[in-house]
*Asks:* 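The structure is given below, and queries will be raised subsequently.
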Amino acid sequence: MVETAQEQTVPKHIAIIMDGNGRWAQEKGLPRTAGHKAGGENIRPVLEHAKARGVKYVTLFAFSAENWNRPKPEVKYLLDLFRKYLFGDIKELQKEKVRVSFIGSREKFSSDLVERMREIERETEQYDDFHVVLALSYGGRQDLIEAVKRIALDIREHKYLISAIDEEKINDSLSTHGIPYPDLVIRTSGEQRISNFLLWEMAYAELYFTPIYWPDFNEQDLDIAIEAFGRRNRRFGGLK
Ligand code: FPP
């Protein structure tokens with residue numbers, strides 16, 4: 001059966017810009033890194049709740065291509081946190097048969113981390129109930145640039161004609177290939193920007209901004225965002 005926009009009250013794919021860790025910490029008189037630690041700890045309960053609500057895909061913006069420009073100690077702290085997460089906490093997700101994959105450039109990560117990402121993707125690829133996508137060193141424009149290069153190579157190798165380039169070819173060339181477009185994009189912390197996240201993919205997504213800092217964003221807040229999504233009349237430019 002084809003699901004109509006009105007019947008779809010729970011988004012199939014939620015993408016989250018987890019913003020406000022630094023301000024959360026600073027307002028408590030703590031170092032910014034304490035905010036990242038608390039932000040990391042907030043991932044699991046939010047994911048579990050999304051799964052319980054019937055969401056199928058959650059993409060988390062954990063580290064942007066631009067985040068490499070932050071002060072070195074903060075970048076190091078975040079990388080250590082990812083390492084701890086990928087070698088430790090993520091096993092809990094695996095136990096619950098969650099599929100995990102990564103988007104973004106792997107170029108700047110150390111080889112053991114890249115190997116671990118591949119391993120996690122391999123180990124979880126058979127699960128199809130709930131899919132978590134971690135955006136690490138991700139930038140929407142950078143991802144589009146890489147896609148253009150792949151398409152150019154295919155054309156140079158005469159795999160298809162320029163006239164065959166379409167939405168599907170572009171989707172297949174992005175690091176989000178195989179993942180449906182997000183229906184709802186949530187940004188915490190009060191900023192109302194999309195900051196180079198999933199630029200192509202979020203063309204028709206509903207945008208939801210909340211002033212709550214990411215470490216404080218809880219299950220109830222996710223419910224409120226899902227309800228707001230359900231109330232919107234998604235018409236995609238056509239008339240119903
Ligand atoms: C934005 O807060 C958040 C980040 C740059 C990183 C997101 C990382 C986490 C939630 C923790 C670790 C993730 C994993 C996968 C273990 P900000 O520092 O920009 O906050 P601010 O805008 O208040 O300064």
*Asks:* Asp143 and Ser175: side-chain donor and acceptor closer than 3.5 Å?
*Replies:*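 Yes, side-chain donor-acceptor contact under 3.5 Å.
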*Asks:* What distance separates Ser101 OG from Leu134 CG, expressed to the nearest 0.5 Å?
*Replies:* 8.0 Å
*Asks:* Using every non-hydrogen atom in the two residues, find where Pro11 and Ile226 come nearest and quote the distance to one decimal.
*Replies:*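 Looking at all heavy atoms of both residues, the shortest contact is CD-CG2, 3.9 Å.
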*Asks:* Evaluate the side-chain proximity of Val185 to Glu206: yes if any heavy-atom separation is below 4.5 Å, no if none is.
*Replies:* no
*Asks:* Are the side chains of Tyr127 and Glu96 in contact, using a 4.5 Å heavy-atom criterion?
*Replies:* no
*Asks:* For a side chain to side chain contact (heavy atoms under 4.5 Å, CB included) check, start with the C-alpha distance between Thr210 and Asp221, then their side-chain angles and the critical distance, and finish with the verdict.
*Replies:* CA-CA 9 Å; Thr210 169; Asp221 300 315; 6.0 Å; no
*Asks:* Once you measure the plane-to-plane angle for Phe197 and Phe61, does it fall in the parallel (<30°), tilted (30-60°) or perpendicular (>60°) bin?
*Replies:*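 Parallel: the ring planes of Phe197 and Phe61 meet at under 30°.
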*Asks:* Where do Ile90 and Arg116 come nearest, in terms of heavy atoms and distance?
*Replies:* CG2-NH2, 3.8 Å
*Asks:* Start with the C-alpha gap between Leu86 and Phe102, add the side-chain angles, then the distance that decides, and say whether side chain to side chain contact (heavy atoms under 4.5 Å, CB included) holds.
*Replies:* CA-CA 11 Å; Leu86 298 190; Phe102 301 88; 3.7 Å; yes
*Asks:* Does atom CD of Glu168 have more than 12 heavy-atom neighbours from other groups under 6.0 Å away?
*Replies:*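 Counting other residues, nucleotides and ligands, CD of Glu168 stays at 12 neighbours or fewer.
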*Asks:* Between Glu115 and Arg122, is there a salt bridge with N-O shorter than 4.0 Å?
*Replies:*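 Judged by the 4.0 Å cut-off on N to carboxylate O distance, Arg122 and Glu115 do form a salt bridge.
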*Asks:* Rounded at 0.5 Å granularity, tell me how far NZ in Lys159 sits from CD1 in Ile151.
*Replies:* 12.0 Å
*Asks:* Looking only at atom types and distance, does a side-chain atom of Arg150 sit under 3.5 Å from a main-chain N or O of Ser173, one as donor and one as acceptor?
*Replies:* yes
*Asks:* For the hydrophobic clusters of this structure (ILVMFWY residues joined by side-chain heavy atoms under 4.5 Å, transitively), does one cluster hold both Ile194 and Tyr204?
*Replies:*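 Each belongs to a different hydrophobic cluster.
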*Asks:* Ile17 and Val55: same hydrophobic cluster, using ILVMFWY side-chain contacts below 4.5 Å?
*Replies:*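 No, separate clusters.
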*Asks:* Rounded to the nearest 0.5 Å, what separation is found between the CE atom of Met117 and the CG atom of Asp112?
*Replies:*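 Answer for the CE-CG pair, Met117 versus Asp112, is 9.5 Å.
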*Asks:* Would a 4.5 Å heavy-atom cut-off, applied to side chains only, mark Val75 and Lys72 as touching?
*Replies:*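 No. Closest side-chain heavy atoms not under 4.5 Å.
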*Asks:* As a quick check of understanding, evaluate salt bridge (charged side-chain N to carboxylate O under 4.0 Å, His left out) for Glu121 and Arg106, giving each step before the final call.
*Replies:* CA-CA 14 Å; Glu121 287 180 330; Arg106 301 188 188 182; 2.9 Å; yes
*Asks:* Considering only heavy atoms from C-beta outward, does the side chain of Leu198 approach that of Tyr181 to under 4.5 Å?
*Replies:* no
*Asks:* State which residues pass side chain to side chain donor-acceptor pair (under 3.5 Å) with Asp216; sequence neighbours excluded, sorted by chain then number.
*Replies:*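 Once residues adjacent in sequence are excluded, the partners of Asp216 under the side chain to side chain donor-acceptor pair (under 3.5 Å) criterion are Trp24.
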*Asks:* For residues Val58 and Ala50, report the shortest heavy-atom separation together with the two atoms involved.
*Replies:*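 For Val58 and Ala50, the tightest heavy-atom pair comes out as CG2-CB, 3.8 Å.
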*Asks:* For Thr188 and Asp19, indicate whether the former's side chain and the latter's backbone hold a donor-acceptor pair under 3.5 Å.
*Replies:*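 Side chain of Thr188 to backbone of Asp19, a donor-acceptor pair under 3.5 Å: yes, one is there.
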*Asks:* Are Tyr57 and Met202 linked, directly or through other ILVMFWY residues, by side chains that come within less than 4.5 angstrom of each other?
*Replies:*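 Cluster IDs for Tyr57 and Met202 match.
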*Asks:* Take Ile224 and Tyr208 through the test side chain to side chain contact (heavy atoms under 4.5 Å, CB included) and record every step on the way to the result.
*Replies:* CA-CA 10 Å; Ile224 294 169; Tyr208 179 85; 3.5 Å; yes
*Asks:* Same cluster or not: Val133 versus Ile170, using hydrophobic residues (I, L, V, M, F, W, Y) connected whenever any side-chain heavy atoms lie under 4.5 Å apart?
*Replies:* no
*Asks:* Grab the two heavy atoms, one from Arg32 and one from Gly22, that are nearest each other, plus how far apart they are.
*Replies:*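 Heavy atoms only, the tightest pair is NH1-CA, 3.4 Å.
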*Asks:* Verify the distance criterion only: is there a donor paired with an acceptor across the side chains of Tyr213 and Asn21 at less than 3.5 Å?
*Replies:* no
*Asks:* Please report the C-alpha distance between Arg83 and Ser110 in whole Å, then the side-chain angles of each, then the deciding distance to 0.1 Å, and finally whether the side chain to side chain donor-acceptor pair (under 3.5 Å) criterion is met.
*Replies:* CA-CA 10 Å; Arg83 180 177 297 276; Ser110 58; 3.0 Å; yes
*Asks:* Any side-chain heavy atom of Ile14 sitting closer than 4.5 Å to one from Pro182?
*Replies:*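 No, side chains not in contact.
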*Asks:* State whether Arg99 and Glu123 are salt-bridged, where the test is any N-O pair (Lys NZ or Arg NE/NH1/NH2 against Asp/Glu carboxylate O) under 4.0 Å.
*Replies:* no
*Asks:* Could you tell me whether Arg23 and Glu191 have a side-chain N and a carboxylate O separated by less than 4.0 Å?
*Replies:* yes
*Asks:* Same hydrophobic cluster for Phe130 and Ile16, using side-chain heavy-atom links shorter than 4.5 Å among ILVMFWY?
*Replies:* yes
*Asks:* Pair Ser195, Arg187 - check side chain to side chain donor-acceptor pair (under 3.5 Å), show working.
*Replies:* CA-CA 10 Å; Ser195 297; Arg187 183 173 190 150; 2.8 Å; yes
*Asks:* Could you check whether Lys56 pairs with Asp129 (Lys NZ or Arg NE/NH1/NH2 to Asp/Glu carboxylate O, under 4.0 Å)?
*Replies:* yes
*Asks:* Do the rings of Tyr77 and His36 sit parallel, tilted or perpendicular, given the 30° and 60° boundaries?
*Replies:*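 Tyr77 and His36: tilted rings.
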*Asks:* Give me the atom names and distance for the closest heavy-atom approach of Asn196 to Arg141.
*Replies:* OD1-N, 2.9 Å
*Asks:* Inspect the surroundings of NZ in Lys97 and state if more than 12 heavy atoms from other residues, nucleotides or ligands are less than 6.0 Å away.
*Replies:* no
*Asks:* Using side chain to side chain contact (heavy atoms under 4.5 Å, CB included) as the criterion, list what pairs up with Ile162, not counting sequence neighbours.
*Replies:*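 Result, side chain to side chain contact (heavy atoms under 4.5 Å, CB included) vs Ile162: Ile155, Ile165.
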*Asks:* Nearest 0.5 angstrom please: Leu207 CG to Ile186 CD1, how far?
*Replies:* 11.0 Å
*Asks:* Which atom names give the shortest non-hydrogen contact between Leu222 and Val46, and what distance separates them?
*Replies:*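 Smallest heavy-atom distance, with atoms named: CD2-O, 3.9 Å.
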*Asks:* With side chains defined as the heavy atoms from C-beta onward, is the minimum distance between Ile43 and Tyr85 less than 4.5 Å?
*Replies:* yes
*Asks:* For the atom pair CD1 (Ile103) and CD1 (Ile179), what is the distance rounded to the nearest 0.5 Å?
*Replies:* 6.0 Å
*Asks:* Using a cut-off of 6.0 Å, state whether more than 12 heavy atoms not belonging to Glu157 lie near its atom CD.
*Replies:* yes
*Asks:* Under 3.5 Å, is there a donor-acceptor pair between the side chain of Ser64 and the main chain of Asn67?
*Replies:*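 At least one qualifying donor-acceptor pair exists.
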*Asks:* Using the six-membered ring wherever Trp is involved, compare the ring planes of Phe109 and Trp68 and label them parallel, tilted or perpendicular (cut-offs 30° and 60°).
*Replies:*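 Because their plane-to-plane angle lies in the 30° to 60° range, the rings of Phe109 and Trp68 count as tilted.
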*Asks:* Run the side chain to side chain contact (heavy atoms under 4.5 Å, CB included) test on Leu47 and Leu93 for me, step by step, so that the C-alpha distance in whole Å, both residues' side-chain angles and the decisive distance to 0.1 Å come before the verdict.
*Replies:* CA-CA 9 Å; Leu47 288 179; Leu93 289 183; 4.2 Å; yes
*Asks:* Hey, is Lys51 close enough to Glu48 for a salt bridge, meaning N to O under 4.0 Å?
*Replies:*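 Salt bridge between Lys51 and Glu48, a charged N being under 4.0 Å from a carboxylate O: no.
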*Asks:* Rounded to the nearest 0.5 Å, what's the gap from CZ on Phe63 to NZ on Lys108? Could you check?
*Replies:* 8.0 Å
*Asks:* With side chain to side chain donor-acceptor pair (under 3.5 Å) as the criterion, how do Asp223 and His49 come out once you've worked through the C-alpha distance, each side chain's angles and the decisive distance to 0.1 Å?
*Replies:* CA-CA 9 Å; Asp223 282 337; His49 193 61; 2.8 Å; yes
*Asks:* Regarding Glu41 and Lys84, does a basic nitrogen lie under 4.0 Å from an acidic carboxylate oxygen?
*Replies:* no
*Asks:* Would a 4.5 Å heavy-atom cut-off, applied to side chains only, mark Thr9 and Phe229 as touching?
*Replies:*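 A side-chain contact under 4.5 Å is absent here.
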*Asks:* Please tell me if the side chains of Glu219 and Pro45 come closer than 4.5 Å, counting only heavy atoms from C-beta onward.
*Replies:*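 Yes, close enough: below the 4.5 Å cut-off.
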